[in-house]
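For reference, the structure is listed below as structure tokens.
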Amino acid sequence: MTPDQIRDYLKYYRDLGIETIYRSTSIPLEQTPLLSKPLIELPVLAPEGDTLQKIRADIGDCQRCRLCEARKKIVFGSGNETSPLVFVGEGPGADEDEQGVPFVGRAGQLLTQMIENTAAKEGIPVKRSDVYICNVVKCRPPENRAPQPDEMEICGQFLFRQLMTIKPKAICVLGATAMKALLNTKEGITKSRGQWQKWNGIPVMITYHPSYLLRQYNAQAKREA
Ligand code: URA
């Protein structure tokens, strides 16, 4: 890619709302011949024939942002890879970081109850294993802080590829971080929850994050969720 092509490419991404972009690690920059080969290789948003396996392989032993420094395991996603329903959380906590699986701690147990019990009440026998669950960022933010905008943008590109590959009929975003990552809205979660919006043509339902619902004083929110 020439510098002009790279500039156009970055402009195109900026128009889509993406400010930060990661460099593919398939060609280490220091080994890139300056004249004969592309200067750097940039990812495409939805590569043709993309699969979850390819996306995981592209992530590799990711060092694209500072979250790699303290993580134990990359938490890619789990569940039914052809599910019509995908849940998107914020980022792994301590339990998820240990196990490499999303939503396995206390918040995860509540999410499982929300999925299985709510559906059962409606007479729909949905199990957690029927849906796909992933997060905006795949590495645990230190002290469970919220992911920073550049971390969300870099890792969000893999999330977008996951969603475009699975092509669910609906996405449920859990909490403000996931809502921001997909819908880029400035609204608060309290105002937006319970509403349908769209991400790339796919209906998105916004609801509270299970960790928020675990706090005792949020019992009312729990009922609403
Ligand atoms: N909270 C999240 O947002 N994701 C997890 O995987 C666990 C807790």
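Start at 1 and go down the list; that is how both ligands and their atoms are numbered. Hydrogens, waters and symmetry mates play no part in the numbers below; they use all other heavy atoms, side chains included.
- Between Arg128 and Glu116 there is no salt bridge, since none of the side-chain N atoms of the basic residue sits less than 4.0 Å from a carboxylate O of the acidic one.
- Using modelled atom types and a 3.5 Å distance limit, the side chains of Gln220 and Arg223 yield a donor-acceptor pair.
- Residues Val137 and Thr177 are not in side-chain contact: their nearest non-hydrogen atoms beyond the backbone lie 4.5 Å or more apart.
- Inclusion of His209 in the set of residues having an N or O under 3.5 Å from an N or O of ligand 1 is warranted.
- Nearest protein neighbour of atom 4 (N) of ligand 1, counting heavy atoms only, is Asn135 OD1, 2.8 Å.
- Atoms of ligand 1 lying under 4.0 Å from any heavy atom of Glu90, numbered from 1 in the order shown and given with element: 2 (C), 3 (O).
- In terms of polar-atom proximity, defined here as any N/O pair under 3.5 Å, Phe103 does make such a contact with ligand 1.
- Of the listed residues (Glu151, Glu96, Gln162), just one forms a side chain to side chain donor-acceptor pair (under 3.5 Å) with Lys138, and that residue is Gln162.
- Inclusion of Gly91 in the set of residues having an N or O under 3.5 Å from an N or O of ligand 1 is warranted.
- Of all atoms in ligand 1, numbered sequentially from 1 with element shown, those under 4.0 Å from a heavy atom of Gly89 are 3 (O).
- Residue Pro102 approaches ligand 1 through these ligand atoms, each under 4.0 Å from one of its heavy atoms: 6 (O).
- Salt bridge absent: Asp8 and Lys11 never bring a charged side-chain N and a carboxylate O closer than 4.0 Å.
- When every heavy atom of Asn200 is checked against every heavy atom of Met164, the shortest pair comes out as ND2-CE, 3.3 Å.
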